[in-house]
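Input: a single structure, listed below in structure tokens.
Order of the sequence lines sets the chain letters (A, B, ...), proteins ahead of strands, with each chain counted from 1. Predicted, not measured: the structure shown is a model, and the values here were computed from it.
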There are 2 protein chains.
Amino acid sequence: MTPLIDRLRRRGWRMTPQRRVIAEAMTGEHVHMTADEVLRHAREVLPEVSRATVYNTLNEMVSIGELLEITHADGRKRYDPNVADHHHHLLCVECGRMLDVHVDDPALTADQQHGFHILGVEVTFRARCPECASAA
Amino acid sequence: MTPLIDRLRRRGWRMTPQRRVIAEAMTGEHVHMTADEVLRHAREVLPEVSRATVYNTLNEMVSIGELLEITHADGRKRYDPNVADHHHHLLCVECGRMLDVHVDDPALTADQQHGFHILGVEVTFRARCPECASAA
DNA sequence: CCTTAGATTAGACTCAGTCCAAGGTGAGAT
DNA sequence: ATCTCACCTTGGACTGAGTCTAATCTAAGG
Ligand SMILES: [Mn+2]
Ligand SMILES: [Mn+2]
Ligand SMILES: [Zn+2]
Ligand SMILES: [Zn+2]
């Protein structure tokens, strides 16, 4: 898997310091940051990055398929760089931590499809993580 | 299944016209309205209902388990009165229409649980409905 | 009827996310 | 190496869903 930054350059993106630091934050499995978390990470390296640029960059990466956008129950969106490896999620409902999990996609029987054309399926396991369980 | 209104009264809720009209809107399968849709329905019967009361009532019904809250990708929450019958969802990504579907819950193998205590699982089929498919 | 705990209300407020117009800059062309 | 401009970044105004509050109202038990 080529690094995200190389793939972006190959698509003709101008490689600015802002985009570089955002792309570097968005790497790995089990990475599911909110826009504000990405902004904080980016500012540790490049303190003057603006919120608008983080939103611009994340949205563009989502629209070209280099990031997945996950809508969390708390309303804020999360961004997931793990697009190469189809997966689902395990979510701690207390602290919001989210892990990638691999499980077979469920399928709908014909009569349950109601004539819809299925595009994909999302599975989220709601759970309590070991840290939150022991804190309770 | 006793009607929602009776269950609410039995819990000691004061039965006001506002609550009655909101509870009447929240009945049936395949019902997944936003707060604003509930408000519009309520105002057709009782024009002076306030937005605050709709939000108060929906949130209270969710917290006592008489409604499910579904966070849609567009950010707005949907409210689902079908709590008696465990089910999952089939969502048209174009028009947002959402149907109840019945499919076996997927399960995580022990090594995929990462030590989490699983509370439940949500499955959403992303799809295009027949109306949106023919419009395209 | 009275009474009052609980319900309703308008509008101010919060917070994530979008939009805009002005100024800045990466990188291809010379 | 410098020029150029299409593209990028920025602060701040704006939007829209949802929450909060303080004043007013009312369902229902005695
Ligand atoms: Mn993931
Ligand atoms: Mn449903
Ligand atoms: Zn946790
Ligand atoms: Zn549709």
- Message: Between D:dC8 and A:Arg14, counting only base atoms on the nucleotide and side-chain atoms on the residue, is there a donor-acceptor pair under 3.5 Å?
- Response: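 Check fails, no donor-acceptor contact within cut-off.
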Candidates [options] - which lies nearest the side chain of [X]:
X       : options                : result
B:Tyr55 : D:dG18, C:dG17, D:dT10 : D:dG18
B:Ser50 : D:dT9, C:dC19, C:dT9   : C:dT9
B:Thr16 : D:dA27, D:dC20, C:dT18 : D:dA27

When you check the phosphate oxygens OP1 and OP2 of [N], does a side-chain N or O of [X] lie under 4.0 Å from one of them?
X       : N      : result
A:Asn59 : C:dG17 : no
A:Gln18 : C:dT25 : no
A:Arg19 : D:dC8  : yes

Distance check needed: [N] [atom2] versus [X] [atom1], whole Å only.
X       : N      : atom1 : atom2 : result
B:Trp13 : C:dT8  : CH2   : P     : 9 Å
A:Leu46 : D:dT10 : CG    : P     : 7 Å
A:Arg51 : C:dC15 : CZ    : P     : 12 Å
B:His72 : D:dA17 : NE2   : C1'   : 14 Å
B:Arg76 : D:dT19 : CZ    : C1'   : 18 Å
A:Arg40 : C:dA16 : CZ    : P     : 12 Å
A:Leu8  : D:dC7  : CG    : C1'   : 15 Å
B:Met15 : C:dA5  : CE    : P     : 21 Å

- Message: Treating A:His87 as the side-chain partner and A:Asp85 as the backbone partner, does any N or O pair qualify as donor plus acceptor under 3.5 Å?
- Response: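 Yes, because the side chain of A:His87 sits within donor-acceptor range (under 3.5 Å) of the backbone of A:Asp85.
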- Query: Do any N or O atoms from the side chain of A:His117 and from the backbone of B:Arg128 form a donor-acceptor pair under 3.5 angstrom?
  - Reply: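 Looks like no, no N/O pair under 3.5 Å.
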- Query: If you find the nucleotide of DNA chain D closest to B:Asp36 and the one closest to A:Val54, which residue's nucleotide is nearer the 5' end?
  - Reply: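 Residue closer to the 5' terminus by nearest nucleotide: A:Val54.
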- Task: Would you mind telling me which residue lines up with the more 5' stretch of DNA chain D, A:Glu48 or B:Thr34, judged by nearest nucleotide?
- Result: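 Going by which nucleotide is closer to the 5' end, it is A:Glu48.
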Ion pair present between [X] and [Y], side-chain N to carboxylate O less than 4.0 angstrom?
X       : Y       : result
A:Arg11 : A:Glu66 : yes
B:Arg19 : B:Glu60 : yes
A:Arg78 : A:Glu69 : no

